[in-house]
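See structure below.
Numbering starts at 1 and runs along the sequence shown.
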Amino acid sequence: MVGGFEVGAVPFNPDGWGPPEATTTTTTAATTSNLPLNVPFAPFSRSDKLGRIADWTRTFNNPTRSKNPSDSVFDFTNDESFPASADDDSSFRLVDGKPPPRPKFGPKWRSHQQRQLPQRRDEEVEARKREAEKERARRDRLYNLNRSNVNMPRREAAVFKSSVDIQPEWNMLDQIPFSTFSKLSFSVPEPEDLLLCGGLEFYDRSYDRITPKNERRLERFKNRNFFKVTTTDDPVIRRLANEDKATVFATDTILSTLMCAPRSVYSWDIVIQRVGNKLFFDKRDGSQLDLLSVHETSQEPLPEAKDDINSAYSLSVEAAYINQNFSQQVLIRDGNKVTFDEPNPFANEGEEVASVAYRYRRWKLDDDMYLVARCEVQSVVEVNKQRSFLTLNALNEFDPKYSGVDWRQKLETQRGAVLATELKNNANKLAKWTAQALLASADLMKLGYVSRVHPRDHFNHVILAVVGYKPREFAGQINLNTSNMWGIVKSIVDLCMKLNEGKYVLVKDPSKPQVRIYEVPADAFENDYVEEPLPEEEQVQPPTENADVAEANPAEKETEDKQIDAQA
């Protein structure tokens with residue numbers, strides 16, 4: 001230390017503690033002169049605990065510090081060690097002065113985590129943040145859309161109509177909840193082909209290279225005829241029934257509807273006829289089974305107005321039209337066809353028909369019970385000099401705001417996300433397509449992604465991509481159990497075989513996950529109960545190009561009609 005510290009003269013007291021008692025004035029003066037100035041002194045006894053002598057930790061650089069001369073290192077007026085402050089102890093109470101416990105995940109923990117991050121953020125982290133922002137913006141947009149239209153009911157509260165009018169004279173025999181279907185299981189041996197009819201064109205592999213950047217316009221096939229013939233109207237099935245080839249007869253459309261019934265939301269119905277010891281599963285004319293559902297399992301509501309282009313009915317008609325045209329466009333139309341044992345059983349001579357082959361197959365359900373079904377494949381491809389059957393189906397995008405996924409942006413980079421969204425919104429339709437491919441033993445199922453040219457134009461479409469899947473692998477991907485599918489069919493067949501001869505209808509309840517069986521008159525669905533068929537322009541043939549122009553300019557169309565009438 002540079003500066004010294006002089007203590008001064010300290011008197012010695014041989015008789016006790018503390019300074020000696022001053023006996024003379026001289027001694028007192030000497031003692032007093034030796035004591036430092038401004039140092040307080042308090043008498044104490046041996047039982048008292050000694051406090052500190054000086055506090056050298058005080059900071060005197062504080063400009064706001066008091067200039068009081070007693071404010072020094074020797075100032076102990078506020079020290080509790082001295083009995084001078086004992087008078088204030090009566091009003092003092094000890095409180096818990098411990099600091100609060102530090103939270104386990106407090107700011108300190110967060111600061112450590114931040115220090116562990118690299119100084120330069122990775123591009124993948126930034127990309128995830130951008131995707132999260134987009135997803136948040138999409139949710140806000142959908143939320144505001146639903147808030148703006150408060151009168152639009154949610155899907156949970158939507159009221160669906162029954163696919164068939166339940167007449168008061170019908171007798172309900174049984175109702176089966178879908179919860180019982182999930183526990184069923186039945187294994188069938190490999191089927192055998194009884195007959196192959198029709199002709200198939202080869203698949204054009206150039207469509208596998210389509211991307212949203214080089215999309216192709218969806219063509220219209222007005223001259224090719226498509227047939228949706230029910231079971232009992234099929235001449236081949238009638239012939240097989242007369243030959244006692246089986247006990248139960250159906251089509252792949254009806255069987256897939258039964259197999260995937262637990263995934264259905266919309267109402268559907270199947271007509272069951274018990275004739276002797278035989279069982280026929282039929283569909284009605286103009287049945288809902290001829291159309292394709294859209295957004296059936298989605299949580300987003302669709303417009304309820306039937307004339308709206310985005311209503312469930314309009315989208316079903318549009319999806320059927322897209323599916324038929326897509327199945328014919330992706331073929332090589334050079335006249336080269338693969339023909340089978342018999343021609344198309346529903347076509348007239350000289351009539352142009354769509355590329356389709358009917359496989360009449362038989363499954364063994366029991367020792368004395370066989371099932372025959374008509375299964376369809378739409379195309380064939382040759383790989384290593386071996387022919388493989390294909391099924392062709394098309395998913396359709398009508399408005400990205402309903403699904404939340406824009407195919408033109410996501411198909412090229414996030415095709416899995418697009419398929420996952422379709423599996424969520426159209427679980428029943430995709431499961432039925434997979435079941436039909438499994439029934440027909442197709443080697444490959446092609447799914448096309450078809451979108452509208454504009455969200456408000458439901459006549460013009462483009463193909464954005466075509467993807468192929470193996471049916472068995474795709475069934476495992478969508479959790480479609482083959483044993484459970486056949487278990488549902490077997491249980492319904494066993495239930496119907498116990499019924500008396502007559503006509504019955506199996507109806508999916510429009511509001512509950514269950515099916516009901518009704519006994520109906522023999523002439524039901526023939527005259528009085530048949531639904532009005534779809535208009536011809538709505539079935540599979542949309543308006544022509546001129547009709548589109550006329551629709552876009554109704555005033556000009558009305559003027560032309562008046563001129564034609566005046567001339568007439």
Side-chain angles (χ1 to χ4, degrees), residues 160-181 184 186 228-234 237-238 240-242 244-262 264 266-290 363 365-366 368-374 432 435 485-531:
F160 301 111
K161 296 181 180 179
S162 177
S163 60
V164 61
D165 293 332
I166 308 299
Q167 302 300 319
E169 63 270 17
W170 293 0
N171 181 26
M172 189 182 74
L173 302 179
D174 197 2
Q175 57 183 9
I176 310 169
F178 285 164
S179 58
T180 60
F181 285 163
L184 301 175
F186 182 74
K228 302 292 182 181
V229 182
T230 186
T231 307
T232 51
D233 292 342
D234 190 331
I237 287 185
R238 288 185 177 182
L240 296 175
N242 292 331
D244 290 332
K245 294 290 186 181
T247 309
V248 185
F249 299 88
T251 64
D252 59 348
T253 303
I254 295 174
L255 284 182
S256 63
T257 303
L258 292 175
M259 291 175 169
C260 306
S264 61
Y266 296 154
S267 178
W268 47 264
D269 60 275
I270 295 173
V271 180
I272 304 170
Q273 297 189 63
R274 176 76 189 277
V275 182
N277 65 335
K278 291 182 175 57
L279 204 62
F280 296 89
F281 289 89
D282 280 302
K283 65 177 183 63
R284 297 177 295 105
D285 292 337
S287 171
Q288 190 72 18
L289 302 183
D290 291 337
W363 288 266
L365 299 182
D366 210 339
D368 56 349
M369 184 185 298
Y370 289 86
L371 181 144
V372 166
R374 184 190 71 220
K432 288 170 66 175
M485 290 162 40
W486 281 107
I488 296 173
V489 173
K490 182 67 165 57
S491 65
I492 293 178
V493 168
D494 292 342
L495 180 64
C496 296
M497 291 301 289
K498 299 176 182 178
L499 302 175
N500 299 324
E501 287 193 45
K503 182 180 285 190
Y504 306 88
V505 61
L506 184 71
V507 183
K508 194 271 175 184
D509 192 291
S511 58
K512 297 179 181 179
Q514 65 181 13
V515 290
R516 294 193 176 107
I517 299 180
Y518 294 91
E519 184 179 4
V520 298
D523 59 345
F525 314 119
E526 294 180 1
N527 298 318
D528 299 334
Y529 306 124
V530 66
E531 285 191 354

Task: side chain to side chain donor-acceptor pair (under 3.5 Å) against S264, all qualifying residues, sequence neighbours excluded - done: W268

TODO: Name all pairs fulfilling the salt bridge (Lys or Arg N to Asp or Glu O under 4.0 Å) condition that reach into residues 266-277, sequence neighbours left out, sorted by first residue then second.
DONE: D269-R284

TODO: Tell me, please, which residues at least two apart from F281 pass ring-ring contact (aromatic ring centres under 6.0 Å, His included).
DONE: none

- [ ] Report the residues that fulfil side chain to side chain contact (heavy atoms under 4.5 Å, CB included) with N171, sequence neighbours left out, ordered by chain and then residue number.
- [x] L173, E519

TODO: With sequence neighbours left out, write down each residue that passes ring-ring contact (aromatic ring centres under 6.0 Å, His included) with F280, or none if nothing qualifies.
DONE: F249

Open item on the list: Holding to side chain to side chain contact (heavy atoms under 4.5 Å, CB included), I want the full list of residues that pass it with T230, two or more places apart in sequence or in another chain.
Closed with: T232, D233, D282, K283

TODO: Name all residues meeting the side chain to side chain donor-acceptor pair (under 3.5 Å) criterion together with S256; count only those two or more places apart in sequence or in a different chain, and write none if there are none.
DONE: Q436

Task: Set of side chain to side chain donor-acceptor pair (under 3.5 Å) partners for K228, sequence neighbours left out - done: none

- [ ] Apply side chain to side chain donor-acceptor pair (under 3.5 Å) to K278 and list each qualifying residue two or more places apart in sequence or on a separate chain.
- [x] D244

Task: Any side-chain heavy-atom pair of V271 and S287 under 4.5 Å - done: no

Task: Close side-chain approach of V489 to V248, heavy-atom, < 4.5 Å - done: no

TODO: Using ring-ring contact (aromatic ring centres under 6.0 Å, His included) as the criterion, list what pairs up with F178, not counting sequence neighbours.
DONE: F181

Open item on the list: With a 4.0 Å cut-off on N to O distance, would you call K498 and D494 a salt bridge?
Closed with: no

TODO: If a pair satisfies salt bridge (Lys or Arg N to Asp or Glu O under 4.0 Å) and one of its residues is in residues 503-513, list it, with sequence neighbours excluded.
DONE: K503-E526, D509-R516

Task: Under the ring-ring contact (aromatic ring centres under 6.0 Å, His included) test, residues paired with Y518 that sit two or more places apart - done: none

